[in-house]
Amino acid sequence: MSLISQDIVRAGQILSSGDLVAIPTETVYGLAGNALDPLAVAKIFEAKNRPFFDPLIVHIGDVSQLHLFTTSVSEKAKKLMAEFWPGPLTLLFNKSTLIPDIVTSGLEKVAIRMPNHPMTLKLLQSLPFPLAAPSANPFGYVSPTKAAHVESHLGHVVPMILDGGPCGVGVESTIVDVGSFPVKILRLGGITVEQIEECLNEKVDIQISSSKPSAPGMLESHYAPRKPMFWHGDTSLVNNDAKTGYLSFEGNLSGDILFELSSKGDLTEAAARLFQGMRWLDEQDIDRIEVKRLPELGLGRAMNDRLNRACRS
Ligand code: TXA
Ligand code: MG
């Protein structure tokens with residue numbers, strides 16, 4: 001059992017002692033450790049059962065810390081940070097020697113973001129080190145958007161969960177490689193492609209890979225509930241006894257066991273409820289889950305990406 005509390009000072013003490021704390025962010029809960037301490041970082045990989053080839057995002061509380069962990073910051077990066085930090089945007093930078101190789105899985109570039117959650121910002125600003133934090137779920141499972149989600153799967157390995165309430169955005173941060181030309185989006189997330197293109201005033205490339213990616217967390221079969229999930233119309237596992245639960249958007253599916261992402265068709269509300277819906281369906285007495293694609297725009301793209309990885313076909 002973890003201590004579930006709002007005590008930021010206690011969280012800071014645990015982190016300073018080299019242990020882990022689950023932290024709230026605006027996207028999903030993270031499993032945090034001192035990013036400059038390779039042993040603390042190794043504990044993160046162990047707790048999640050995450051392969052060491054999948055690098056972690058470093059979280060900072062103030063842009064003034066950036067120069068410590070990077071060798072240079074481009075004009076485009078500055079533009080994006082000015083517009084979207086703190087917020088659900090992760091940028092890649094050439095890493096300084098302060099960042100241990102275990103954090104980046106040996107890559108030259110480090111992924112950094114400033115999360116937009118008052119408690120976690122306060123925590124980060126009180127610490128003399130940044131926090132490495134992947135989503136606080138067992139590797140491959142749905143990301144947690146509430147403290148109770150973290151407790152249910154990682155409660156036995158995390159000493160403390162800093163409870164910051166439900167996550168407002170609900171899908172992970174967008175990951176951008178701003179040093180490539182054109183600029184590359186490596187993971188669709190809380191900041192939309194449209195927002196990034198407008199800010200930079202240029203078209204970006206979406207390079208999301210599903211097998212052996214430069215953002216390996218984008219592996220296929222990620223974000224998956226334990227119950228098999230299918231696109232609507234796929235008849236796998238349908239038989240006389242099979243019970244299906246539905247993940248619906250704006251009434252696009254119906255059934256006895258149904259989780260409605262947003263009855264008014266609001267993509268922002270749907271994103272905030274997506275992982276909660278997948279977890280809820282996973283807990284119902286059903287054999288399979290069905291879902292339909294969301295509109296392929298704005299946050300709908302990031303949600304379709306997650307659903308694609310969660311669905312069996
Ligand atoms: O919203 C988020 O980003 C959440 C919260 C906790 O901040 N974090 C999160 O972390 O989603 P995680 O570890 O579940 O996903 C991070 C993704 C992975 O796909 C990883 O491969 C990629 O970021 N990544 C991390 N460092 C990278 C790097 N140096 N180069 C390329 N991809 C990287
Ligand atoms: Mg994750």
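Predicted model, so just to flag it, every value in this text is computed and none were measured. For the single chain, residues carry numbers from 1 onward in sequence order. Whatever order the structure lists ligands and atoms in, that order sets their numbers, starting from 1. Atoms considered below: every heavy atom in the structure, side chains included; atoms not considered: hydrogens, waters and symmetry mates.
Between Thr27 and ligand 1, an N or O atom pair is found at a separation short of 3.5 Å. Considering both main-chain and side-chain atoms, Ser135 comes within under 3.5 Å of ligand 1 through a nitrogen or oxygen pair. Close N/O approach between Glu172 and ligand 1 is not found [any backbone or side-chain N/O within under 3.5 Å]. At a 3.5 angstrom cut-off on N or O pairs, Thr90 does not count as close to ligand 1. Looking at Arg113 next to ligand 1, an N or O pair under 3.5 Å apart turns up. Between Ser173 and ligand 1, an N or O atom pair is found at a separation short of 3.5 Å.
Of the possible donor and acceptor atoms, one in the side chain of Glu260 sits under 3.5 Å from a partner among the backbone N and O of Gly251.
Contact annotation: Leu56 has at least one heavy atom less than 4.0 Å from an atom of ligand 1.
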Using side chain to side chain donor-acceptor pair (under 3.5 Å), reason through Arg10 and Gln13 one step at a time and then give a plain yes or no. CA-CA 5 Å; Arg10 183 82 194 99; Gln13 288 165 346; 3.1 Å; yes
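By the criterion of a heavy-atom distance under 4.0 Å, neither the backbone nor the side chain of Ile23 is placed next to ligand 1. With a heavy-atom cut-off of 4.0 Å, Arg50 touches ligand 1 through its side chain alone.
The Mg ion (ligand 2) has an N, O or S atom of Ser135 inside 2.8 Å of it.
Annotation: Tyr141 is in aromatic contact with His153 [ring centroid separation under 6.0 Å].
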